[in-house]
Amino acid sequence: MSCYLQSVLTDLGLDYLVVKNDPRNGILSVRACDVRECGLGVARDPNPNYITKEELQPRDEAHALIVHDDDVGSKQRKKRTSALAVTALIVHWG
């Protein structure tokens, strides 16, 4: 799952609204400690390779991924992501 690191956005002088791709998108916030408490992890992924150099935006320096161990089964992964969803705060709604 893609996400953006607030600390990096702040260092770049950007606010959370720059992560929206569409005016209808909402923005949810989760803390890294909550991600880890749910048995997941956060991996930095600045300037993801699926974005061409022409499409890169300053926000892409803050890109990261919420990840899980490869040996986690689909039921356990769903349980962990559902637990994380409960901790999410809506910070902006389309």
Side-chain angles (χ1 to χ4, degrees):
M1 176 185 337
S2 285
C3 61
Y4 292 88
L5 302 173
Q6 179 65 48
S7 61
V8 178
L9 290 172
T10 300
D11 289 348
L12 294 170
L14 303 172
D15 73 9
Y16 62 86
L17 290 174
V18 300
V19 304
K20 291 180 63 155
N21 288 326
D22 184 287
R24 297 172 292 177
N25 291 152
I27 300 171
L28 303 177
S29 175
V30 295
R31 299 179 313 166
C33 63
D34 291 333
V35 172
R36 293 182 187 105
E37 193 170 299
C38 291
L40 301 166
V42 179
R44 289 180 180 253
D45 184 37
N47 302 322
N49 60 9
Y50 60 83
I51 299 175
T52 66
K53 286 188 176 189
E54 295 77 27
E55 295 174 317
L56 281 176
Q57 299 178 39
R59 71 177 188 189
D60 295 321
E61 287 289 327
H63 188 263
L65 298 168
I66 295 177
V67 296
H68 58 83
D69 293 331
D70 289 338
D71 61 349
V72 173
S74 62
K75 286 184 181 180
Q76 184 68 344
R77 186 170 48 247
K78 183 175 172 94
K79 183 177 179 180
R80 292 177 184 187
T81 55
S82 293
L84 180 61
V86 171
T87 71
L89 298 173
I90 298 172
V91 294
H92 180 76
W93 194 253

Give a yes or no on this: more than 12 heavy atoms of other residues, nucleotides or ligands lie within 6.0 Å of atom CZ of R77. yes
Quick check: are there more than 12 heavy atoms from other residues, nucleotides or ligands sitting under 6.0 Å from CD of Q57? yes
When you measure from the side chain of Q76 to the backbone N and O of G73, does any donor-acceptor pair fall under 3.5 Å?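 The answer is no, because no donor-acceptor pair under 3.5 Å joins these two groups.
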Taking N21's backbone N and O only, do any of them form a donor-acceptor pair with N25's side chain (distance below 3.5 Å, no angle check)?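 Answer holds: yes.
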Salt bridge (Lys or Arg N to Asp or Glu O under 4.0 Å) pairs touching residues 9-26, sequence neighbours excluded, are D22-R24
Would you call [X] and [Y] a side-chain contact if the rule is heavy atoms closer than 4.5 Å?
| X | Y | result |
| --- | --- | --- |
| V19 | L9 | yes |
| C3 | L65 | no |
| R44 | L5 | yes |
| I27 | W93 | no |

When you group the ILVMFWY residues by side-chain heavy-atom contacts below 4.5 Å and let the links chain together, are [Y] and [X] in the same group?
| X | Y | answer |
| --- | --- | --- |
| M1 | V30 | yes |
| L40 | V67 | no |
| V91 | L28 | no |

State which residue, out of L56, V8, D45, fulfils the side-chain contact (heavy atoms from CB on, under 4.5 Å) condition with H63.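 By the side-chain contact (heavy atoms from CB on, under 4.5 Å) criterion, H63 pairs with just one of L56, V8, D45: D45.
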Check the orientation of Y16 and H92. Use parallel for under 30°, tilted for 30 to 60°, and perpendicular for over 60°.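 Rings of Y16 and H92: tilted, 30 to 60°.
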Spacing of [X] atom [atom1] and [Y] atom [atom2] [to the nearest 0.5 Å]:
| X | Y | atom1 | atom2 | answer |
| --- | --- | --- | --- | --- |
| I90 | S29 | CD1 | OG | 11.0 Å |
| I51 | D60 | CD1 | CG | 4.0 Å |
| R80 | D69 | CZ | CG | 6.5 Å |

